[in-house]
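The structure appears below as structure tokens.
Each chain gets a letter, A, B and so on, in the order its sequence line appears, and its residues count up from 1.
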Amino acid sequence: MIMEQNYKPAIIEKKWQNIWSQDKVFEAEPDSRDKYFITIPYPYLNGNLHAGHTRTFTIGDVIARHKRMQGYNVLYPMGFHVTGTPIVGLAELIANREPQTMEVYSKFHGIPKDILEGLDSPEKIVEYFSVEAEKAMRSIGYSIDWRRKFTTTDETYKKFIEWQYNLLYEKGLIVKGSHPVKWCPNDDNPVEDHDILRGEEATIVDYTLIKFTYDGMILPCATLRPETTFGVTNLWINPDVEYVKAKVKTDEYEETWIVSEEAYNKLTYTDRKVEFIEKISGLDIIGIKVKNPLTDSEVITLPASFVRGGNGSGVVMSVPAHAPYDYLALKDLHDKDLSEYGITENLQNIQLIPLIDVPEYGEYPAVEAVEEFGVHDQNDPKAESATKMVYRREFHGGTLKENTGKYAGTKVSKIKDLLTQDLIDEKIGEIFYEFSEPVVCRCGTPCVVNMVKGQWFLNYSNPEWKDKVYRCIENMDIIPEELRVEFNNKVDWLKDKACARKKGLGTRLPFDKDWLIESLGDSTVYMSYYIVAKFLSEDIKTEQLVPELFDHVLLGKGSVQDAAERSGIDASVIESMREDFNYWYPVNLRSSGKDLIPNHLLFFLFHHVAIFKEENWPRAIAINGFVSLEGQKMSKSKGPLLTLSEAVKDYGADISRMYILSSAEQTQDADWKNSGIESARRQVDRFYHFAKDTIDTKCTSGACKEKQLIDRWIQSRLQQRISETNEALKSIRTRQALQNSFFLLLNDVKWYQRRGGKTLQYDILDTWVRLMAPFTPHICEEIWSEMEETQGYVSLEKYPEYDPQFIDRDAEAGEELIGNTFSDVEEIIKVTGIKPQKLVLYTASQWKSEAFKQALELQRQGDLNPGILIKKLMQDPEMRPYGKEVPKFAKKVVDDIKAMKEDKFEMVSGFDLDEKETLKEAINFFEKEIGCEVQIAREGEETYDPEKKARFAAPMRPAIYLE
RNA sequence: GCGAGGGUUGCCCAGCCCGGUCAAAGGCGCCGGACUUAAGAUCCGGUUUCGAAGGAAUUCGAGGGUUCGAAUCCCUCCCCUCGCACCA
């Protein structure tokens with residue numbers, strides 16, 4: 001078959017996809033080769049695959065193809081994620097013909113209207129999008145082993161998930177507890193982010209409640225800094241706020257609390273039982289003496305208008321040594337007559353109690369900050385700045401003083417959780433949740449924090465579990481390496497996670513069937529399921545997937561016979577499953593978008609270390625950035641969106657791949673632009689035409705023919721491009737890889753042809769096609785099949801590898817001499833405006849070359865300086881005749897050499913060609929390019945030199961005469 | 001606020017770890033030229049400023065500092081993006 005005149009991606013791509021599929025080229029089976037198991041997170045099917053998927057999946061495919069060509073047995077599988085609520089929600093929206101959804105899914109997801117209207121149940125949605133997703137991934141040429149695909153609602157997969165959750169439960173890693181959620185009292189339901197009218201940004205903050213006591217009752221103070229309880233001098237009560245006396249009951253106690261009315265309402269939503277007793281005025285509890293439960297000291301309650309009933313409990317601790325507001329408020333009361341509150345004592349006698357040492361301040365940070373900022377009183381806006389400054393400095397640099405007893409010396413940044421836990425244990429403190437800002441539901445009702453009780457949690461805060469994860473990360477490659485610290489931070493930050501839901505698709509918790517397993521929790525170790533999945537197409541029934549089977553296949557527990565007996569599956573089949581697992585596991589690389597770091601990837605690690613032996617823990621994680629569309633964020637539910645299939649339809653698979661791979665590196669975000677992909681089209685086109693030209697002219701390998709300087713040069717260059725490409729792919733830098741394998745190499749090829757290179761054209765193509773195959777596999781397959789001396793699939797060929805024997809420093813230095821000389825000539829022509837009639841190039845005379853060599857030699861020995869060089873040169877009788885010029889030349893040479901970087905120095909000192917001969921070889925090139933007669937001469941020889949230019953010649957820098 | 005990443009020549013971005021050939025790779029855009037009946041594609045050149053001999057001057061978020069020498073190292077500041085959870 002003859003290659004088409006013009007590059008027609010659609011035809012070529014379809015053709016090769018069919019051939020790969022028919023020939024099962026990417027169906028991986030264990031064999032004697034080393035294996036490489038690469039996975040990317042399966043897509044969630046509430047829409048079609050888009051440009052974001054295109055990036056992550058294509059990166060995965062490039063690595064898979066690269067490793068495969070490097071001789072690894074590569075497994076790149078794929079499945080579909082459908083568990084959770086969004087698909088259920090989408091089905092409802094479609095069933096209700098919700099206008100925006102219908103618009104977005106027909107316009108951006110490209111679903112024909114009649115089909116879209118039929119997608120009114122979760123099952124139909126899953127069916128439709130799984131078919132579309134597979135079609136899309138095949139259309140872009142991913143080298144996926146499709147025999148292993150599955151959907152997370154498959155009954156067989158549910159068996160696998162049940163097995164996993166039972167295992168975690170047995171290991172005590174799933175525990176029951178309560179957790180706070182945003183709650184609308186009117187709807188009597190949790191509010192999700194899109195149900196929120198105001199306060200979308202709000203987070204749930206955990207305050208510590210300190211139980212001050214008075215006359216058998218409790219005045220709880222909410223604080224974010226429980227350690228300051230040691231420094232409390234008084235409490236603040238707002239005389240204008242309504243307070244409530246109430247009975248508060250938990251499993252452990254029954255107490256009487258006094259809190260603001262609003263706080264009382266909030267308490268009714270917590271996991272405490274509260275019973276209203278009576279309303280009281282703030283006035284009633286001002287001027288009383290309460291007991292600090294931590295220090296047992298008695299402090300007075302004082303009036304303060306800044307206390308808000310809606311904030312915390314409405315009772316506030318005052319720590320004037322460290323809180324500017326408290327200090328200011330207290331100072332304001334100094335001269336006030338408080339007899340109306342029944343307070344007669346002199347407040348000036350209240351002593352500030354410092355409890356934190358911080359380098360920036362002395363005894364009383366709040367006092368210093370107030371002076372530093374020049375704050376007048378508590379209503380001065382500068383009070384806020386002073387507060388922030390004190391808090392920040394204390395949090396980062398502060399340690400607790402002696403008066404904090406056993407906590408003395410603890411860093412402020414570490415004290416909160418520690419102390420709060422102790423307070424809870426001693427029953428003098430509790431946790432109280434509150435929003436960081438008010439939250440209002442869509443229905444207009446202010447939301448509260450509600451405790452959901454009896455919730456199942458994955459016990460991620462378990463320190464032993466975390467330690468294993470840290471160890472796992474330590475032994476993994478994190479690509480790029482800078483993110484390692486981020487992973488460790490996130491492990492540190494991770495708390496217990498609710499792992500069960502009432503709504504959505506998924507698997508029921510095997511030990512509590514009222515609950516569904518949360519959808520991120522069922523996607524943590526499924527990479528092992530790909531290995532099992534291959535066997536399930538045979539006649540294995542769902543019921544046969546008993547725990548003993550998974551125990552044996554995935555963990556090596558129990559005997560084959562036992563597993564066979566329990567499951568009723570042939571022992572031989574179970575044995576192959578086990579062998580396959582042993583062969584493919586662990587995961588060599590999981591490549592993913594950066595949005596999954598704090599969730600999926602973390603859980604992926606946690607569950608692996610919990611379930612598998614250390615030898616089966618993941619080996620590497622790679623991270624890539626997002627994709628935007630012409631500068632706009634994509635959105636599945638609102639648009640804009642570019643689907644994978646639309647990109648392939650409009651531009652072709654190879655061009656789309658090339659574009660997305662070259663537009664951004666690693667964690668950088670990519671912006672998909674029309675103008676960008678248009679130019680990618682032209683690039684691929686150039687490659688096609690170079691190949692076509694080579695094939696049409698029926699050239700064959702010139703490897704055995706005699707080589708010119710330029711041939712040796714391109715061979716050498718090619719090796720560098722190969723080396724750089726392989727290096728870049730090693731750390732998943734696809735942009736850098738393409739930069740070398742395509743753009744820079746293309747420029748090299750252009751120079752090669754311009755310089756008249758011909759002999760190695762076929763050999764260049766041979767290497768180039770293999771080099772490009774992971775990126776643009778279809779066009780490479782097509783070219784490969786048309787080349788004279790090739791056979792088989794380029795997808796399975798050997799990837800080019802760096803071969804130092806082709807590195808040719810002489811040729812590179814020679815070409816550099818020619819190139820530099822040529823651009824110097826061009827610049828002279830440009831600056832002078834001369835229309836060249838004749839060009840003479842004078843290479844440096846013998847003595848200069850000799851001096852240069854000696855200078856290089858001295859540099860190598862490490863003692864190059866002008867003095868030594870001149871001395872050494874002048875000892876040489878051959879140099880004597882040039883005695884006047886030597887010192888000046890020597891100085892210049894020394895400067896030049898000193899400024900050289902290592903590889904430049906290596907290249908220059910390795911140069912052993914005769915410059916005159918080198919330029920002579922390129923004389924045709926100069927004549928063609930400059931368009932005039934060219935002579936090459938050497939300084940000092942009898943030659944045409946009307947303007948005495950020859951004397952400016954230096955090694956690697958010939959003098960130039962133009963007329 | 002906390003954590004992570006980033007600000008380079010019209011744009012996208014490489015270089016920064018390991019200071020010197022860095023006016024700074026590559027791509028895009030734009031300008032000019034060649035080819036062509038023409039357009040496109042392709043190829044060549046230019047794209048901070050000055051320059052009638054291959055040169056020089058000023059640049060790498062801002063300001064300081066270290067150094068013979070800084071886009072690269074140190075300090076301070078400004079600005080941008082992302083994550084902060086029970087949602088996939």
With a 4.0 Å cutoff (strictly under), does any side-chain N or O of [X] reach OP1 or OP2 of [N]?
{"X": "A:Q668", "N": "B:A14", "answer": "yes"}
{"X": "A:R686", "N": "B:U42", "answer": "yes"}
{"X": "A:R957", "N": "B:G55", "answer": "yes"}
{"X": "A:N747", "N": "B:G27", "answer": "yes"}
{"X": "A:T85", "N": "B:A88", "answer": "yes"}
{"X": "A:Q683", "N": "B:C28", "answer": "yes"}
{"X": "A:T832", "N": "B:A53", "answer": "no"}

Checking all strands, does [X] fall into the base, sugar-phosphate, or nothing category for heavy-atom contacts under 4.0 angstrom?
{"X": "A:H689", "result": "nothing"}
{"X": "A:I829", "result": "nothing"}
{"X": "A:N6", "result": "nothing"}
{"X": "A:L596", "result": "nothing"}
{"X": "A:P480", "result": "nothing"}
{"X": "A:R735", "result": "base"}
{"X": "A:Y961", "result": "base"}
{"X": "A:L520", "result": "base"}
{"X": "A:K750", "result": "sugar-phosphate"}

Only pairs with both distances under 3.5 Å count, Watson-Crick or wobble alike; so what is the partner of [N] in this structure?
{"N": "B:G51", "answer": "none"}
{"N": "B:U76", "answer": "B:A62"}
{"N": "B:C2", "answer": "B:G83"}
{"N": "B:U21", "answer": "none"}
{"N": "B:A71", "answer": "none"}
{"N": "B:C43", "answer": "B:G33"}
{"N": "B:C11", "answer": "B:G27"}

Side-chain H-bond candidate by donor/acceptor type, A:D496 with A:S461, under 3.5 Å: yes

Any donor-acceptor N or O pair under 3.5 Å, side chains A:H81, A:S523: yes

Residue closer to the 5' end of RNA chain B, A:V181 versus A:I834 (nearest nucleotide): A:I834

Comparing A:T821 and A:V82 on RNA chain B - which has the more 5′ nearest nucleotide: A:T821

Value in whole Å for how far the [atom2] atom of [N] lies from [atom1] of [X]:
{"X": "A:M956", "N": "B:G54", "atom1": "CE", "atom2": "P", "result": "20 Å"}
{"X": "A:K673", "N": "B:C11", "atom1": "NZ", "atom2": "C1'", "result": "7 Å"}
{"X": "A:L602", "N": "B:C84", "atom1": "CG", "atom2": "P", "result": "13 Å"}
{"X": "A:L483", "N": "B:A4", "atom1": "CG", "atom2": "P", "result": "11 Å"}

Quote, to the nearest angstrom, the [atom1] distance that separates [N] from [M].
{"N": "B:A24", "M": "B:U66", "atom1": "C1'", "answer": "23 Å"}
{"N": "B:G64", "M": "B:G54", "atom1": "P", "answer": "34 Å"}
{"N": "B:U81", "M": "B:C22", "atom1": "C1'", "answer": "28 Å"}
{"N": "B:C17", "M": "B:C73", "atom1": "C1'", "answer": "11 Å"}
{"N": "B:U72", "M": "B:G20", "atom1": "C1'", "answer": "11 Å"}
{"N": "B:A14", "M": "B:U9", "atom1": "C1'", "answer": "13 Å"}
{"N": "B:G32", "M": "B:C82", "atom1": "C1'", "answer": "44 Å"}
{"N": "B:G63", "M": "B:G7", "atom1": "C1'", "answer": "16 Å"}

Check: A:Y460 ring centre within less than 6.0 Å of A:F606 ring centre: yes

Side chain of A:E486 (C-beta onward), nearest among B:C86, B:A4, B:A85: B:A4

Aromatic plane relationship, A:F742 with A:W768 - under 30° parallel, 30 to 60° tilted, over 60° perpendicular: tilted

Aromatic ring pairing A:W751/A:F925, orientation class (parallel under 30°, perpendicular over 60°, tilted between): perpendicular

Polar side-chain atom of A:T734 near backbone of A:L661 as donor-acceptor pair, under 3.5 Å: yes

Min side-chain heavy-atom separation A:E486-A:P598 under 4.5 Å: no

Audit row: A:L458, A:H607, side-chain contact (heavy atoms from CB on, under 4.5 Å) steps and yes/no: CA-CA 10 Å; A:L458 280 158; A:H607 289 236; 3.8 Å; yes

Detail all sub-3.5 Å separations between protein N/O atoms and N/O atoms belonging to nucleotides 29-37 of chain B.
residue : atom : partner : partner atom : Å
B:G29   : OP1  : A:R682  : NH2          : 3.1

Salt bridge flag under 4.0 Å for residues A:K594 and A:D669: yes

Check against side-chain hydrogen bond (donor to acceptor under 3.5 Å, both in side chains), A:T56 and A:N624: CA-CA 7 Å; A:T56 302; A:N624 60 264; 3.3 Å; yes

